[in-house]
Enquirer: 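Sharing a structure with you now.
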Amino acid sequence: MRGVYNGVEMVRNSFMNVRVLLYFKTQIAGYSIHCRSKLGRVILTLRNERITWAPYRGEDLPHCSTWHKSPELEALVIELKQHYASDELFAIDKRSMTQVDNLSFFILYIDKPDTPEYKLLKEYLWGVQTSYIGGINRQIDTNVVPWFCPKGGHLPTVSHNADNPTQFIETLIWETLEIDIQRRPNNLPKGKGMFKPMSGLIQYGLQIKYPCYDKVPQAHRIGTWAY
């Protein structure tokens with residue numbers, strides 16, 4: 001079976017009034033997405049041409065969907081990997097490529113699940129994701145002014161038992177790189193951009209994905225990112 005489901009809205013029935021938004025694309029049977037929202041675990045499973053689901057808030061599902069890179073981002077990833085493999089790198093660049101919180105580490109190992117570096121990267125991403133989700137939700141619960149503002153007031157938590165428990169932060173990284181390509185097309189392929197720590201990129205991504213203002217104040221901006 002081959003199927004493509006992307007942004008299709010389904011209404012389970014008027015009694016339950018549960019909207020199911022399918023934000024996934026697959027070409028083989030057996031693909032599933034598991035994540036946790038405030039109303040319980042989301043389970044979308046495609047098997048033998050049958051779709052099953054559990055209730056959830058429709059807006060939560062994009063946090064769990066796999067990011068499909070644009071041709072521009074695919075080309076950038078290829079260019080970065082070629083540069084990372086170059087014999088002309090400085091010692092500081094080579095050292096950056098061994099640091100789990102560096103963009104180069106993410107680009108090099110996020111698609112290599114059979115390596116120890118991938119496992120280390122996933123542990124790092126889980127810790128970062130958990131800290132940001134827990135931190136912002138705690139700020140909101142205690143009426144502390146947040147530095148980014150999720151729609152609906154909270155970010156949904158994710159189960160560590162999900163198929164890909166770090167999908168939210170991975171999607172945020174890819175999405176932020178997509179935006180940076182649009183706003184600064186010549187930034188990453190040159191200079192220090194290829195070896196940026198991911199902390200700034202993630203913070204910038206959260207600010208522009210969940211803005212608290214129509215325009216982010218200068219004092220709140222992260223580094224040299226384009227707002």
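Along the sequence shown, residues are numbered consecutively beginning with 1.
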Enquirer: If we only count heavy atoms from C-beta on, is the Phe90 to Arg95 side-chain gap below 4.5 Å?
Expert: no
Enquirer: Does Arg183 have more than 12 heavy atoms from other residues, nucleotides or ligands lying within 6.0 Å of its CZ?
Expert: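 More than 12 within 6.0 Å, yes.
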Enquirer: Under 3.5 Å, side chain of Asn102 to main-chain N/O of Phe195, donor-acceptor pair present?
Expert: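 Present.
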Enquirer: Which heavy atom of Val158 sits nearest to which heavy atom of Ala162, and what is that distance?
Expert: CG1-CB, 4.3 Å
Enquirer: Tyr204 pairs by ring-ring contact (aromatic ring centres under 6.0 Å, His included) with which of Trp147, Tyr210, Trp225?
Expert: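 Only one of Trp147, Tyr210, Trp225 forms a ring-ring contact (aromatic ring centres under 6.0 Å, His included) with Tyr204, namely Trp225.
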Enquirer: Can you give the donor-acceptor pairs under 3.5 Å from side chains of residues 119-130 to other protein atoms, not counting sequence neighbours?
Expert:
from, atom 1, to, atom 2, distance (Å)
Lys122, NZ, Asn164, OD1, 2.6
Lys122, NZ, Thr166, OG1, 2.7
Lys122, NZ, Glu170, OE2, 2.5
Gln129, OE1, Ile169, N, 3.1
Gln129, NE2, Pro165, O, 2.7
Thr130, OG1, Trp126, O, 2.8

Enquirer: Distance alone, cut at 3.5 Å: any donor-acceptor contact between the side chains of Gln167 and Thr171?
Expert: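 There is such a pair between these side chains.
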Enquirer: At their closest point, which heavy atom of Ile133 faces which heavy atom of Pro156, and how far apart are they?
Expert: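 Ile133 and Pro156 have their closest heavy atoms at CD1-O, 3.7 Å.
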Enquirer: Would you call the rings of Phe148 and Tyr132 parallel, tilted or perpendicular if under 30° counts as parallel and over 60° as perpendicular?
Expert: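 Ring orientation of Phe148 relative to Tyr132: perpendicular.
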Enquirer: Under the criterion side chain to side chain contact (heavy atoms under 4.5 Å, CB included), I'd like the reasoning laid out for Gln203 against Gln207: C-alpha separation, chi angles, the key distance, then a yes or no.
Expert: CA-CA 6 Å; Gln203 291 169 18; Gln207 279 189 323; 5.9 Å; no
Enquirer: I want to check something: taking the side chain as every heavy atom from C-beta on, are Leu201 and Ile222 in contact at a cut-off of under 4.5 Å?
Expert: no
Enquirer: Please check if any side-chain donor atom of Asp93 sits under 3.5 Å from a side-chain acceptor atom of His83, or the reverse.
Expert: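 No.
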Enquirer: Would you indicate whether the side-chain heavy atoms of Thr224 and Lys196 approach each other to under 4.5 Å?
Expert: yes
Enquirer: Taking all heavy atoms of Met194 and all of Leu80, pick out the closest pair and write down the distance.
Expert: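 Heavy atoms of Met194 and Leu80 come nearest at CG-CD2, 3.3 Å.
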Enquirer: With rounding to the nearest 0.5 Å, note down the distance linking CG in Leu155 to CG in Asn137.
Expert: 5.5 Å
Enquirer: Mind checking the CG-OG spacing from Leu89 to Ser96? Nearest 0.5 Å is all I need.
Expert: 10.0 Å
Enquirer: Report yes if the side chains of Ser199 and Asp101 come closer than 4.5 Å at any heavy-atom pair, otherwise no.
Expert: no
Enquirer: Provide the closest heavy-atom pair for Glu178 versus His68 in the form atom of the first, atom of the second, distance.
Expert: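 Heavy atoms only, the tightest pair is OE2-O, 4.3 Å.
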Enquirer: NZ of Lys209 to SG of Cys149: how many Å apart, nearest 0.5 Å?
Expert: 14.5 Å
Enquirer: Can you tell me how far apart CG (Leu73) and CD (Gln182) are? Round to the nearest 0.5 Å.
Expert: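 Output value for this atom pair is 10.5 Å.
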Enquirer: Which heavy atom of Val145 sits nearest to which heavy atom of Gln139, and what is that distance?
Expert: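 Heavy atoms only, the tightest pair is O-NE2, 3.7 Å.
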Enquirer: Drop me the distance from Ile179's CD1 to Ile208's CD1, to the nearest 0.5 angstrom.
Expert: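 Here the rounded value is 3.5 Å.
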Enquirer: Taking all atoms of both residues into account, what is the closest heavy-atom pair of Tyr227 and His220, and its distance?
Expert: OH-O, 4.5 Å
Enquirer: Going from OG on Ser104 to CE on Met198, what distance comes out if it is rounded to the nearest 0.5 angstrom?
Expert: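 Those atoms lie 8.5 Å apart.
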Enquirer: Let me have the donor-acceptor pairs involving side chains of residues 105-117, under 3.5 Å, with sequence neighbours excluded, atom names and distances please.
Expert:
from, atom 1, to, atom 2, distance (Å)
Asp111, OD2, Lys81, NZ, 2.6
Thr115, OG1, Lys112, O, 2.8
Thr115, OG1, Tyr118, N, 3.1

Enquirer: What I'd like to find out is whether the side chain of Asp180 reaches to under 4.5 Å of the side chain of Thr176, using heavy atoms alone.
Expert: no
